[in-house]
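Just below is one structure, and these are the notes that go with it.
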There are 2 protein chains.
Amino acid sequence: MRVSTRFSDAIHLLAFLKIYDQQHLTSDLIASSIETSPVVVRRLMGKLRQAGLIKTVPGSAQPTLAKPLDQISLLAIFYAVEGDKPLFSVDPKTNPDCIVGGNIQTVLRQYYQDAQTAAEARLAKTSLQDIVDNLLVEQAKKEALS
Amino acid sequence: MRVSTRFSDAIHLLAFLKIYDQQHLTSDLIASSIETSPVVVRRLMGKLRQAGLIKTVPGSAQPTLAKPLDQISLLAIFYAVEGDKPLFSVDPKTNPDCIVGGNIQTVLRQYYQDAQTAAEARLAKTSLQDIVDNLLVEQAKKEALS
DNA sequence: ACTTCCTGTAACTGTATTAATTACTGTGAT
DNA sequence: ATCACAGTAATTAATACAGTTACAGGAAGT
């Protein structure tokens with residue numbers, strides 16, 4: 001397994017909402033920053049809205065963040081777009097008549113959960129505020145060099 | 001992102017080598033425990049051999065672990081079969097003329113690396129010895145109930 | 001009110017990844 | 001010498017994503 005770019009794109013989208021906070025923010029404009037299609041953006045916004053991270057009004061081009069930046073963690077975004085799917089997947093069916101095949105799922109699940117929890121704890125420590133701060137720092141570095 | 005069942009299957013395979021340590025261990029027999037095809041097993045064994053975790057001799061049905069159980073960590077197995085691929089992937093190309101699009105990869109890579117490292121640290125703490133021990137405990141539980 | 005722009009979704013397509021299958025070469029064991 | 005098996009390439013099949021098209025309905029400007 002492997003996490004799709006949905007997670008990255010969702011973070012991108014939310015940061016974009018903050019940094020380009022203006023009246024007219026269409027899915028087309030956001031899509032041009034992510035370099036994807038507006039439909040993908042709208043689908044992402046659907047998930048983020050369901051998770052209570054943004055507010056949108058159909059027809060109006062005015063999506064807004066539903067919470068302060070520092071109260072949106074990367075983990076919340078991860079759950080919003082990747083949901084329940086575990087990072088590590090166990091083989092759903094193995095030979096039950098074998099000491100290994102009959103018990104491996106039970107055993108692995110526990111260790112996999114530990115590993116995933118460790119990663120999630122790290123994601124929980126970072127907020128959108130950190131991301132936006134870093135984006136602006138990186139941008140300033142570039143401008144200083146040009 | 002998401003880790004394929006290769007990782008689980010590789011752990012399964014190695015545990016099987018230990019628990020059914022006998023003269024005649026064909027890829028067919030191992031495959032019947034994982035419930036996959038013998039070719040998949042041989043491919044997995046190829047990667048595990050390259051990583052120095054097992055020893056095999058073509059033609060002989062006698063794969064063996066190359067190290068003591070407690071010196072094979074889940075992380076070593078993970079690297080052997082999943083290698084370089086990161087858990088979280090960043091969108092390879094976003095709009096460079098945008099504050100977000102032009103800097104998001106740099107920023108995310110850092111936080112993604114932290115999260116992955118946290119997960120890997122957890123995998124490093126668990127050895128095949130732990131897995132085999134747990135498999136036998138689970139098996140004993142089952143037998144106690146029957 | 002009417003027109004235009006936009007969102008929210010469904011349906012379909014293209015593509016990449018993974019596992020399964022087939023087939024072959026070459027080594028080991030008897 | 002024969003049989004069993006490993007190693008590996010090539011093909012097929014299944015699945016998951018992202019991209020595209022299409023359209024119904026809401027919002028905004030005139």
Side-chain angles (χ1 to χ4, degrees), chain A residues 1-10 12-13 16-17 22-51 54-64 80-94, chain B residues 1-10 12-13 16-17 22-51 54-64 66 81-94:
Chain A
M1 132 187 158
R2 200 121 274 115
V3 176
S4 76
T5 56
R6 263 199 306 270
F7 183 33
S8 291
D9 291 346
H12 186 145
L13 194 163
F16 193 91
L17 289 193
Q22 56 193 51
Q23 288 73 32
H24 204 62
L25 272 181
T26 66
S27 57
D28 238 317
L29 179 63
I30 302 171
S32 73
S33 172
I34 305 182
E35 294 199 353
T36 182
S37 83
V39 176
V40 169
V41 170
R42 283 180 238 146
R43 277 200 288 240
L44 275 176
M45 289 205 292
K47 289 186 184 256
L48 295 171
R49 175 164 29 81
Q50 281 173 23
I54 64 174
K55 287 177 185 162
T56 66
V57 180
S60 87
Q62 292 176 349
T64 54
V81 297
E82 298 291 334
D84 39 1
K85 307 175 201 161
L87 282 178
F88 304 94
S89 37
V90 295
D91 220 324
K93 179 155 176 13
T94 54
Chain B
M1 165 230 49
R2 199 121 276 112
V3 176
S4 77
T5 56
R6 264 200 303 272
F7 183 34
S8 291
D9 290 347
H12 187 145
L13 194 162
F16 193 92
L17 289 193
Q22 57 193 48
Q23 288 74 32
H24 203 63
L25 272 182
T26 68
S27 57
D28 239 316
L29 179 63
I30 301 170
S32 72
S33 171
I34 305 182
E35 293 200 353
T36 183
S37 82
V39 176
V40 169
V41 170
R42 283 179 237 147
R43 277 200 288 240
L44 274 176
M45 290 205 292
K47 290 188 183 254
L48 295 171
R49 176 164 30 80
Q50 282 173 22
I54 63 173
K55 287 178 184 160
T56 64
V57 180
S60 87
Q62 290 174 350
T64 55
V81 297
E82 297 291 336
D84 37 2
K85 306 175 201 161
L87 281 179
F88 304 94
S89 36
V90 295
D91 219 324
K93 178 153 177 15
T94 53

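Convention: sequence-line order gives letters A, B, ...; per-chain numbering from 1. Worth knowing before you read on, the calculation uses all heavy atoms, side chains too, and leaves out hydrogens, waters and symmetry mates.
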In Å and rounded to the nearest 0.5 Å, what is the NZ to CG distance from B:Lys55 to B:Leu17?
13.5 Å

What integer distance in Å separates A:Asp28:CG from C:dC5:C1'?
11 Å

Under 4.0 angstrom, heavy atoms only, what part of the nucleic acid is B:Ser37 near: base, sugar-phosphate, or nothing?
base

Should B:Lys85 be listed as having a side-chain N or O under 4.0 Å from OP1 or OP2 of C:dT18?
yes

Atom-pair distance (CG on A:Leu29; C1' on C:dC5), nearest Å
14 Å

Nearest-Å distance for atom pair CG/C1', residues A:Leu25 and D:dA27
16 Å

When you match A:Ala61 and B:Ala61 each to their closest nucleotide on DNA chain D, which lands nearer the 5' end?
B:Ala61

Integer-rounded Å distance: C:dA19 C1' and B:Phe7 CZ
19 Å

Taking only N and O in the side chain of A:Thr26, is any of them less than 4.0 Å away from OP1 or OP2 of C:dC5?
no

OP1, OP2 of D:dA6 versus side-chain N and O of B:Ser60: anything below 4.0 Å?
no

Exceeds 12 heavy-atom contacts within 6.0 angstrom, atom CD of B:Gln23
no

In whole angstroms, how far is the C1' atom of D:dA4 from the CZ atom of B:Arg42?
11 Å

Please tell me if A:Arg6 has a side-chain N or O lying less than 4.0 Å from either OP1 or OP2 of D:dA16.
no

Value rounded to 0.5 Å, distance of CG in B:Asp91 from OG in A:Ser4
9.5 Å

Kindly point out which of D:dG7, C:dC6, C:dT21 is positioned nearest to the side chain of B:Val39?
C:dT21

Separation between CD1 (A:Ile34) and CZ (A:Phe16), nearest 0.5 Å, reads 8.5 Å

Quick one: pull up NE2 in A:His12 and OG1 in B:Thr94 and give me the separation to the nearest 0.5 Å.
5.5 Å

Between A:His24 and D:dA28, does any side-chain N or O lie under 4.0 Å from OP1 or OP2?
no

Return the value, rounded to whole Å, for the distance between atom CE of A:Met45 and atom C1' of C:dT7.
7 Å

What's the closest nucleotide to the side chain of B:Val40 if the choices are C:dA20, D:dA6, C:dT9?
C:dA20

To the nearest Å, give me how far apart CD (A:Gln23) and P (C:dC5) are.
19 Å

How long is the line joining CD of B:Gln62 and P of D:dG7, in whole Å?
12 Å

What's the closest nucleotide to the side chain of B:Thr56 if the choices are D:dA18, D:dA6, C:dG8?
D:dA6

Side-chain N or O of A:Thr36 less than 4.0 angstrom from OP1 or OP2 on D:dA18?
no

Side-chain contact check for B:Arg43: nearest option of C:dT7, C:dT18, D:dA10 is D:dA10

